[in-house]
**Student:** 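This structure is in structure tokens; I'll ask about it shortly.
For the numbers below, each heavy atom of this structure counts, side chains included, while hydrogens, waters and symmetry mates do not. Just so we're clear, the structure is a prediction, and the values are computed from it rather than from any experiment. Below, chains carry the letters A, B, ... as their sequence lines are ordered, and counting in each starts from 1.
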Amino acid sequence: MSIYDTLNSQQQEAVFHTEGPVLILAGAGSGKTRVLTHRVAYLIEEKGINPWNIMAITFTNKAAGEMRERVDSLVGFGSESIWVSTFHSTCVRILRRYIERLGFDNNFTIYDSDDQKSLMKDICKRLQIDTKIYKEKSFLAAISKAKDELITPEEFALKAEGDFNQKKYACVYAEYQKQLRSNNALDFDDLIVKTVDLFQTQPDVLEYYQERFKYIMIDEYQDTNTAQFQFVSLLSSKYKNLCVVGDDDQSIYKFRGANIANILSFEKVYPTAKVIKLEQNYRSTQNILDAANQVICNNTERKDKSLWTDNDKGDKIELQVFNSAYEEAEFIVGDISQKVRNGDLEYKDCAILYRTNAQSRMFEEKFVIGNIPYKIVGGVNFYARKEIKDLLAYLKTIDNARDDLAVRRIINVPRRGIGPTTLSRVQDYALDHDLGFYDALKVVDEIPNIGRSAVKIRPFVNFIQMLRSKLEYVSVTELMQEIIEETGYVKELEADNTEEAMQRIENIDELISKIVAYEEESETPTLSGFLEEVALVADIDNLDEDSNHVVLMTLHSAKGLEFPNVYLAGMEDGIFPSYMTIVADDPTEIEEERRLCYVGITRARKWLTITSAKQRMIRGETQYNKVSRFVNEIPRQLFAKEPQKEKVSEVPKNLVYAAAKKNFHSKPFEAKPIAPSKNFGANHSSGLDYSEGDTVRHMKFGEGKVLQIVQGGRDYEVTVAFERVGTKKMFASFAKLKKCNAI
DNA sequence: CAGCCATATCTTTTT
DNA sequence: GATATGGCTG
């Protein structure tokens, strides 16, 4: 009995076919991760391949970590010398070693999208571009698109010939690259582009890595872009032991440059390729799988496949239509808490998936009220928070003095009395003398008209120099502590003493623990190493399976994950599929949304609940939407109850607008009854130890006055006016309100 | 120079 | 509704 006996025959075929190009078309839940890990194990154990010669590219760092762990438990040794990581991390690792050949320093900085935006702003200012007409974002989008396709600024300019607009874009692209270089920085796309560049211009480097990585595996191949394809094909061109795994039905990153042709024409590029289809689904019930299949078969451009399962039919899919997003959230949160109380499942078995990050708000509020542990993935990245970016900018400045962006960010944070006039004088001087911004600061006394400001700048430069000189002797943690101490960053927040400032201090504490964790984990912790890790983590990487909380995330983030109990929320035309894709001329855009829906449905193992709201607040205005067209593509018999006929669509349009207008004034989600209710007098026999008029305390909201207690179903609905956060409605059994003694 | 208030723009999705 | 920007004032 070997470890491979537990695999089905297609899976075995995929594992045993180790030589030459292989395309594994792996349907959702067909056990592709098992195949990949077993394949690695097989290469090492049976074929005697040195783990050192194996590379596996996954979509997230989290997936990489899990893969390493699983290989380790199969093989028991050597897994640490396999390269398992994302495209971006892999490329950084190569570039840190060889980018000098391309004229960058090895300690280059990685710019995130915030940094890109600031840089682009400067460029537009310098090139005197009116950002009312040309948006920074559209430049960045065009540049990113070009980089995804490996188009250089020169090629871009060539193609733009004769087109005034395109020429402007070409000019900005060239300037942007120039600035990145002088800041010794790369953006996300550059990580791939520069690595390809390196391979193409430095044959010895390419040769080295080709020899090193004799066996290459790529997961989520359907979401690779042209640059990534080029990277892979260069690397694998010598031995051609390339195994790619993907599912064209789960291609959901076209907006990020993913080129579905990479998977669809794999067999054309590699005529000798072995193609293996994994069509048995081990994850979901028959009903859930049927729903997914029925939805996805409405797409025209796809490889033919039919996913099947041995699993039971399972429960039917639940469909719930609500009047508002508020009710939707209330239902889902209530449903989860009921299922957990019944002992059917745990919090961590539940996931709420939605199309846009903004939809998480309503749920978050309900979870806080209900005191239910939850975790929101995505949204505002931890490392994108202001206080974190500020402190990291200090580290970046110490690490890479050429990163002008970082220096400019912190020069007046905390306030040193250095204003925009001074800064622009320094900037001009730097430009005239071909210096970096920080270098100009170092020679501040030579800058004309700087006057009194020099006195303010000098201590800053001395401070940075002092920290930099210590770099060799102290840990990153100590460095950070010294920065916080010397700048008084936390002290200033403490003095502020607002709710917001306290939150920021908490975040800073978390940053420190992340630094400590990094220094403990890493064999050779360095400042550059930490900054790199920070730049490349996705929020999803921090998702911890062991802790017991409900998970909330976008459908995109959910790719590759599975949960016993899944809620697809906000299933409305205009939300999902998004309004943009409905009005788009390109019909393939709606197909991409449909694939996203397919991904969503197939995340569920046992229970799937689909919800939608007739009315929803978007960007401050109320919208009325129909139930998503994707819901109608699911056969009715798969639902627990007959989907109700959509009512809103039958209401004459002018009535809808009248209702919208009325709602605009009455604010439907505010707690309505401010006056104490007549049904429940004070000290009513509610079984609660507080009554209307009492002051109570909530775990997170603090103190507040009970306005009303209403018996609703199996629970009491309590309305409380909190001092800090305003009036909230909550269920008594979750909220655990405590009566306070009279003041 | 900093802090406050008015306004404009925004949203898909992310490494 | 929320955030980033710009203008104004002390």
**Student:** Taking only the side-chain nitrogens and oxygens of A:Lys137, find out if one of them lies under 4.0 Å from OP1 or OP2 of B:dT11.
**Tutor:** yes
**Student:** A:Glu492 has an atom CD; how far is it from atom P of B:dA2, in whole Å?
**Tutor:** 11 Å
**Student:** Tabulated below should be each protein N or O lying under 3.5 Å from an N or O of nucleotides 3-7 of chain C; please produce it.
**Tutor:**
| from | atom 1 | to | atom 2 | distance (Å) |
| --- | --- | --- | --- | --- |
| C:dT5 | OP1 | A:Lys121 | NZ | 2.0 |

**Student:** Taking the six-membered ring for Trp, does A:Phe255 stack with B:dT13 (centroid gap under 5.5 Å, planes within less than 30°)?
**Tutor:** yes
**Student:** Looking at B:dC1, B:dT13, B:dC10, which one has an atom nearest to any side-chain atom of A:Asn357?
**Tutor:** B:dT13
**Student:** Within a strict 4.5 Å, meaning less than it, do heavy atoms of the A:Arg594 and A:Glu633 side chains meet?
**Tutor:** yes
**Student:** With respect to the side chain of A:Thr581, which nucleotide from B:dC1, B:dT13, B:dT12 is positioned closest?
**Tutor:** B:dT12
**Student:** For residues 139-149 of chain A, dump all side-chain donor-acceptor pairs below 3.5 Å to protein atoms at least two apart in sequence or in another chain.
**Tutor:**
| from | atom 1 | to | atom 2 | distance (Å) |
| --- | --- | --- | --- | --- |
| A:Ser144 | OG | A:Asp189 | OD2 | 2.9 |
| A:Lys147 | NZ | A:Gln177 | OE1 | 2.7 |
| A:Lys147 | NZ | A:Asp187 | OD1 | 3.3 |
| A:Lys147 | NZ | A:Asp187 | OD2 | 2.7 |
| A:Lys147 | NZ | A:Asp190 | OD1 | 3.0 |
| A:Lys147 | NZ | A:Asp190 | OD2 | 3.3 |
| A:Asp148 | OD1 | A:Asn225 | ND2 | 3.2 |
| A:Glu149 | OE1 | A:Thr226 | OG1 | 3.2 |
| A:Glu149 | OE2 | A:Thr226 | OG1 | 3.4 |

**Student:** Scan nucleotides 3-7 of chain B against the protein and return all N/O pairs shorter than 3.5 Å with their distances rounded to 0.1 Å.
**Tutor:**
none

**Student:** Could you tell me which non-hydrogen atom of A:Arg96 sits nearest to which non-hydrogen atom of A:Ile110, and how far apart they are?
**Tutor:** NH2-CD1, 4.4 Å
**Student:** Using the side-chain contact (heavy atoms from CB on, under 4.5 Å) rule, pick out the option among A:Leu119, A:Ile129, A:Val172, A:Asp130 that qualifies with A:Cys124.
**Tutor:** A:Ile129
**Student:** Which value, rounded to the nearest 0.5 Å, describes the distance between A:Arg385 atom CZ and A:Gln503 atom CD?
**Tutor:** 7.0 Å
**Student:** Check the orientation of A:Phe213 and A:Tyr209. Use parallel for under 30°, tilted for 30 to 60°, and perpendicular for over 60°.
**Tutor:** parallel
**Student:** Counting distance alone, no hydrogens or angles: does the base of B:dT11 have a donor or acceptor under 3.5 Å from a partner atom on the side chain of A:Arg619?
**Tutor:** no
**Student:** Counting only side-chain heavy atoms from C-beta out, which of B:dT15, B:dC10, C:dG1 sits nearest to A:Met617?
**Tutor:** C:dG1
**Student:** Cation-pi between A:Arg595 and A:Tyr598: NZ/CZ under 6.0 Å from ring centre and within 45° of the ring axis?
**Tutor:** no
**Student:** Figure out the NZ/C1' separation between A:Lys559 and B:dT14, and round it to whole Å.
**Tutor:** 11 Å
